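As structure tokens, the structure follows; a few thoughts come after it.
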Amino acid sequence: MKKILGLALLTSLLMLGSCKKFLEIKPVTSIRADNFYNSSKDMTAAMASMYGNFQQAMVGESQFNNKYTMWGEARSDNYERGGNSNSTYAELELNGLSASNPFSDWSSMFKVINIANLNIKYFPRIAEAEVNKALVTPLIITDNIAQSKAMRAIAYFYIARTWGDAPIRLEPFEDATQEAKAARQPVSEIFDTVIIPDLEFAYNNLNEGNYSVFRLSKGAVCAALMDVYMWRKDYVNAKKWFTLLGNAKAPAKATYGGNSITDLESAANWNKIFTEPTTSIEAIWSIHWDNVKNGCPCMAGVSTAPNNTPLVIDYGIFYDWPLRYPTDIRHRATYDIAKTDARDRVWKFYKGSGTIGTASYTVAAADREANTSKVNLTMYRLADMFLLNAELLNKTGDRTNSLKYLNFIRTRAGIPAYTTSSPEVSVTPGILDEARLEDAIIQERRFELFAEGKRWFDLVRTDKVIQIMDPIIKARQIRAGVLPADATGFGQDKRKYLWPLNRNVLNSNSLLVQNPPYTD
């Protein structure tokens, strides 16, 4: 009997990740494919399921289970484990990962992929089954397929960056008799046959008349493709999609994203990017988590209520940032710099009171209580793209313009712009140095994008994991009681950039092979 295994997730998912009107759908464990994809309501529910599964993975299926942070930042120098932690977080802090670490499980991304595959396969037939043809025009059908392909690409992008090689599934798994086992395919093949083609299809077929910052738009696809090509160090194509982002984000403004600081949100409204992305000029794609409909967004390192989070801000950035740049408008709007006893108050995603950048800026406990607050997690925004563009311009020799884009972010933050003679970007005064400029850009990304799930991927992409993390992990080991001579740090094995495959994943598919140097 055919059962939609991906859609079997709908019941729990729709309760957590979508509008309440979808909750009237009958339990889908008994729904055959022939009985589901037959109406515009089914299409809407399936789209809610796809976005909701991704949203749930990022925010967390349970308390402190936010993959957004665990995959994108928890292993970096932004966080360390807090008092309410266990061996899971010790592994993250010391980069001593094991196959039993719960965050090493890629299943949540394959759930998203399977629902996307179901949508891609079955949406075309809804046009024939739906009685009201105005609800399922070719434009609507194609737009929803394009979103599904874009989401499949995003899920695979997370998998490729986090685990490397992986099985490629372009058809839905929907029959209990289907062969579930599949071998891993090279990461290059994942990019060439899934991620890039899916995103390009989405760019060419999305309906921008149905724009929302909470769905995959052309702007979001351009940003994702720029991110993808930067990961692959293909700077020509990265530049192409940065340029197209300007056209997609604001087609009436030809220079958008090209050469103006005014394309960014103003300093006074910096926090609006996160709290009001629907009206922010900078937001490109955000995840909306409604606590009333979806429950508590209880995220480690992001939720700001006094809830004993197992992740706290690393003491290095916590103290260094405000001391280094006391006029920076961002640190006070990112975390409570006065909470030195715990370093556990990240309030970036919550509305504050007072003027951004002043000593009076604060977020009241009631306004950052996870059980009663909505949260919008930023996936892509323009400052992220400006700094990626600065990085690619530096790599391609245009360091003057690279510095310009870097200074857009610094100027907006209220800190001094670098000059060609600043020692942070120059060895010989007047001549910009590629290595120093890159370090300055990556450092600025750390400040600007703190808690946005970017830092670990930045370190891997620029091959700075060992440079940055080895001394930090040695210091953490020594603080934990290890003799300095015995502190191993991160080590020199770059294979550890990737995560191990979770033991449960390996047990469910005998064709999978563990990432070395990890053991099963």
Side-chain angles (χ1 to χ4, degrees), residues 10 13-14 16-22 40-59 68 109 111-113 115-120 123 126 135-158 195 198-228 241 244-245 247-251 273-290 293-294 374-382 384-385 452-453:
L10 274 172
L13 168 66
L14 294 175
L16 293 168
S18 57
C19 298
K20 286 185 176 180
K21 65 181 180 180
F22 297 133
S40 63
K41 289 183 178 179
D42 292 345
M43 183 163 60
T44 301
M47 291 297 290
S49 176
M50 180 185 72
Y51 276 110
N53 257 292
F54 182 77
Q55 170 185 269
Q56 189 180 45
M58 293 293 102
V59 178
Y68 181 83
M109 289 296 97
K111 290 177 184 177
V112 174
I113 290 166
I115 295 173
N117 285 338
L118 287 161
N119 294 348
I120 294 164
F123 277 172
I126 291 179
L135 299 176
V136 289
T137 63
L139 182 64
I140 293 172
I141 296 289
T142 302
D143 176 61
N144 282 283
I145 291 174
Q147 290 183 65
S148 297
K149 287 199 172 190
M151 183 56 78
R152 182 172 68 182
I154 295 294
Y156 263 118
F157 190 32
Y158 266 100
I195 297 174
D198 275 359
L199 289 172
E200 289 180 341
F201 177 92
Y203 177 80
N204 291 321
N205 290 279
L206 284 167
N207 174 19
E208 286 301 270
N210 190 31
Y211 170 78
S212 168
V213 74
F214 298 125
R215 55 155 267 182
L216 284 156
S217 63
K218 279 195 173 184
V221 168
C222 289
L225 276 163
M226 184 187 188
D227 200 5
V228 164
W241 288 103
L244 288 173
L245 169 63
N247 297 330
K249 188 80 166 63
I273 303 166
F274 318 105
T275 60
E276 301 175 55
T278 57
T279 57
S280 170
I281 63 171
E282 185 169 329
I284 297 174
W285 178 33
S286 298
I287 293 175
H288 175 65
W289 186 274
D290 188 322
K293 297 173 183 176
N294 305 328
K374 295 178 174 62
V375 175
N376 301 305
L377 293 182
T378 303
M379 298 302 297
Y380 287 116
R381 61 185 176 97
L382 196 60
D384 179 3
M385 299 297 105
E452 294 180 47

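Count residues from 1 along the sequence. The basis for the numbers below is simple: all heavy atoms, side chains too, and nothing from hydrogens, waters or symmetry mates. Since the model is a prediction, treat every value here as computed from it, not as a measurement.
- No donor-acceptor distance shorter than 3.5 angstrom exists from the side chain of Ser280 to the backbone of Glu276, with no hydrogens or angles considered.
- At least one donor-acceptor pair closer than 3.5 Å links the side chain of Tyr51 to the backbone N or O of Leu216.
- Side-chain atoms of Ile284 and Met385, non-hydrogen and from C-beta on, do get closer than 4.5 Å to each other.
- Among residues two or more places apart in sequence or in another chain, the ring pair (Phe, Tyr, Trp, His ring centres under 6.0 Å) test is passed with Phe274 by Trp270, Phe349.
- When side chains are defined from C-beta on, Cys222 counts as touching Tyr203, because their heavy atoms get closer than 4.5 Å.
- Nearest heavy-atom pair, Ser286 versus Pro277, reported as atom, atom and distance to 0.1 Å: OG-CB, 3.7 Å.
- Here the straight-line distance linking atom CD1 of Ile145 with atom CD1 of Ile140 works out to 12.0 Å at 0.5 Å rounding.
- Every residue two or more places apart in sequence or in another chain that forms a side-chain contact (heavy atoms from CB on, under 4.5 Å) with Ala224 is listed here: Ile154, Leu199, Tyr380.
- For Asn144, there are no side chain to side chain donor-acceptor pair (under 3.5 Å) partners, not counting sequence neighbours.
- Side-chain contact check for Phe54 versus Met109: some heavy-atom pair is nearer than 4.5 Å.
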_Apply side chain to side chain contact (heavy atoms under 4.5 Å, CB included) to residues Met43 and Val136 and explain how you reach the verdict._
CA-CA 9 Å; Met43 183 163 60; Val136 289; 4.0 Å; yes

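- With sequence neighbours left out, Thr142 forms a side-chain contact (heavy atoms from CB on, under 4.5 Å) with Asn205.
- Rounding to the nearest 0.5 Å places OH of Tyr158 at 4.5 Å from CE of Met58.
- Side-chain contact between Leu377 and Trp289 is absent, with no heavy-atom pair separated by less than 4.5 Å.
- Of the inter-residue distances, the one linking Ile120 atom CD1 with Ile113 atom CD1 reads 10.0 Å to the nearest 0.5 angstrom.
- The main-chain N or O of Ala223 is never found under 3.5 Å from a side-chain atom of Asp227 such that the two would form a donor-acceptor pair.
- Within the 4.5 Å cutoff, side-chain heavy atoms of Met47 are placed close to those of Phe123.
- In plain terms, the two heavy atoms of Ile115 and Ser49 that are nearest each other are CD1-OG, 3.2 Å.
- A pairwise comparison of heavy atoms in His288 and Asn376 identifies ND1-OD1, 2.9 Å as the closest pair.
- Rounded to the nearest 0.5 Å, atoms NZ (Lys218) and CG (Leu225) are 12.5 Å apart.
- The closest side-chain heavy-atom distance from Asn294 to Gln55 is below 4.5 Å.
- For the residue pair Val112 and Ala155, the shortest heavy atom distance occurs at CG1-CB, 4.2 Å.
- Closest heavy-atom contact between Ile126 and Ser40: CG2-N, 4.1 Å.
- Evaluation of the salt bridge (charged side-chain N to carboxylate O under 4.0 Å, His left out) rule for Asp143 yields Arg215 as partners, not counting sequence neighbours.
- Closest approach of Ser148 to Ala116, counting heavy atoms only: O-CB, 3.4 Å.
- Taking CE from Met50 and CD from Gln147, the interatomic distance works out to 6.0 Å, rounded to the nearest 0.5 Å.
- Legend: residues meeting ring pair (Phe, Tyr, Trp, His ring centres under 6.0 Å) with Phe201, ordered by chain and number and at least two apart, are absent.
- Between Leu382 and Ile281, the closest side-chain pair of non-hydrogen atoms is not below 4.5 Å.
- Between atom CD1 of residue Ile287 and atom CD of residue Gln56 there is a gap of 11.5 Å, rounded to the nearest 0.5 Å.
- Here the side chains of Val375 and Val59 are not in contact, with every heavy-atom distance at 4.5 Å or above.
- Listed by chain and residue number, Asp198 satisfy the salt bridge (charged side-chain N to carboxylate O under 4.0 Å, His left out) test with Arg152 (two or more places apart in sequence, or in another chain).
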